[in-house]
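Contents: one structure, followed by commentary.
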Protein chains: 2
Amino acid sequence: MKGKEGMTIGQAAASSGVPAKTIRFYEERGLVKPAERLANRYRAYDESNVQTLRFIRRARDLGFSLQEIDKLLALYRNRRRASEDVKRLALAHVCELDRKIAELTRIRDTLAELARRCHGDQRPECPILEDLERPRP
Amino acid sequence: MKGKEGMTIGQAAASSGVPAKTIRFYEERGLVKPAERLANRYRAYDESNVQTLRFIRRARDLGFSLQEIDKLLALYRNRRRASEDVKRLALAHVCELDRKIAELTRIRDTLAELARRCHGDQRPECPILEDLERPRP
DNA sequence: ATATGGCCTCCACCCACTGGAAGGTCAAGC
DNA sequence: GCTTGACCTTCCAGTGGGTGGAGGCCATAT
């Protein structure tokens, strides 16, 4: 396990923040290319692999899907990319986030209002259950 | 297929808004009790079953998990329930929604700011990719 | 010599469905 | 009476993004 840059999957995991199991999963999904193998069949990683893993980690934290990350990685690796293409991906994702936030907020407000109207005591009467059982148009 | 109230799964689906496949799935998961069967092995539903399905549908629309719905259904069926218990479930879910909304909003703002700083032209320079590749502490 | 811990593969499971294949049932139309 | 088509039945597989565990090899310290 020598070599200045060489790392096992566990070290790459610690260094990138992506769990070892997840790294294998990404490899299987084709998100990262299959790692080189040592003589003992252990996967070997270098700084550039770890860089890619960190990129993926950050993109996941920002809510991009693996499919979107695949596209982002392609742009990342392409020196002749147009920032326009990256921006389009990002803005599409912002739209999706706005949509989700709006929906969750709507649900949240509905439910908070129902809870506000519920006495929350020992009696069975409950506007929340009454809402749930009400037939909708 | 006689009987004033009797319905097939397709009619129950149309009447409740829960797809037939999903009704079978709920039965398998034990969320609803196994439907009666006709001589031809078709599932039979009545208004009360449809009412339960509508309840589930509405609760799903409000973002409750099947596990939470299981508890809500138990409270719904229990005439001696305390509205306190329903309210507690609802408020816990509101908290969870608030948490999710806050996280998505944080992500959304981060990404929108990165996109704002990106020229979005034909050149490769891109603050979004620069952010993604940046090592984190 | 063995105990620990890391690595390997493979399979199963999570959530909440959804799609599809293969086959049974029923009413209507010719 | 036979076909057609719309239902219904079961079972199996896949989605997304992993996580957990079994069973076994490898490396190092005691």
Side-chain angles (χ1 to χ4, degrees), chain A residues 1-3 6-32 34-45 49 53 55-73 93 96-97 100 103-104 107, chain B residues 1-3 6-32 34-45 49 53 55-73 93 96-97 100 103-104 107:
Chain A
M1 225 64 43
K2 51 181 177 284
M7 283 181 261
T8 65
I9 197 169
Q11 290 159 339
S15 177
S16 67
V18 180
K21 283 220 115 162
T22 305
I23 298 176
R24 293 192 197 99
F25 169 73
Y26 288 163
E27 181 179 312
E28 194 198 320
R29 290 287 300 268
L31 191 62
V32 298
E36 302 292 317
R37 298 293 184 124
L38 301 173
N40 57 13
R41 301 177 19 93
Y42 284 18
R43 287 173 181 81
Y45 296 89
N49 301 138
L53 289 170
F55 184 100
I56 295 173
R57 169 89 153 84
R58 172 69 173 153
R60 285 293 296 144
D61 284 350
L62 290 177
F64 287 102
S65 70
L66 297 191
Q67 202 175 15
E68 287 167 323
I69 292 174
D70 209 30
K71 292 180 196 156
L72 286 171
L73 278 172
H93 190 48
E96 186 59 18
L97 287 167
K100 276 188 196 159
E103 182 178 356
L104 291 183
I107 292 174
Chain B
M1 223 67 47
K2 54 180 173 290
M7 280 181 264
T8 65
I9 198 170
Q11 290 160 337
S15 176
S16 67
V18 180
K21 283 221 114 158
T22 305
I23 298 176
R24 292 191 197 100
F25 170 72
Y26 287 163
E27 181 179 311
E28 194 197 321
R29 289 289 302 270
L31 191 64
V32 297
E36 303 290 318
R37 300 292 184 123
L38 301 174
N40 57 15
R41 302 179 14 94
Y42 284 18
R43 287 173 180 82
Y45 296 89
N49 301 137
L53 290 170
F55 182 102
I56 296 173
R57 169 86 153 86
R58 172 68 172 155
R60 286 295 296 142
D61 285 350
L62 290 176
F64 288 101
S65 70
L66 296 192
Q67 202 175 13
E68 289 167 320
I69 292 173
D70 209 29
K71 292 179 196 156
L72 285 171
L73 277 173
H93 190 49
E96 186 59 19
L97 288 166
K100 276 190 197 158
E103 182 179 356
L104 291 182
I107 292 174

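Please read all numbers here as calculations on a predicted model, not as lab measurements. The sequence lines fix the lettering, A, B, ..., with proteins before strands; numbering per chain opens at 1.
- Not one N or O on the side chain of His93(B) forms a donor-acceptor pair closer than 3.5 Å with the backbone of Glu68(B).
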Donor-acceptor pairs under 3.5 angstrom involving side-chain atoms of residues 17-26 of chain A: please list them, not counting sequence neighbours.
none

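- Nucleotide dG17(D) holds its C1' atom 17 Å from the CG atom of Leu62(A), rounded to whole Å.
- Asn49(B) is not listed as a side-chain neighbour of Val32(B), based on a closest heavy-atom distance of 4.5 Å or more.
- In this structure, OH of Tyr45(B) is placed 14 Å from C1' of dC7(D), rounded to the nearest angstrom.
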Check: Tell me, for nucleotides 5-19 of chain C in 5' to 3' order, what letter each nucleotide earns: B for a base near a protein heavy atom under 4.0 Å, S for only sugar-phosphate near one, - for neither?
Finding: -BSSB------BBSB
Item checked: Arg37(B)/Tyr42(B) under side chain to side chain contact (heavy atoms under 4.5 Å, CB included): CA gap, chis, key distance, verdict -> CA-CA 5 Å; Arg37(B) 300 292 184 123; Tyr42(B) 284 18; over 6 Å; no
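- Residues Ile69(A) and Arg60(A) meet the side-chain proximity criterion, which asks for heavy atoms closer than 4.5 Å.
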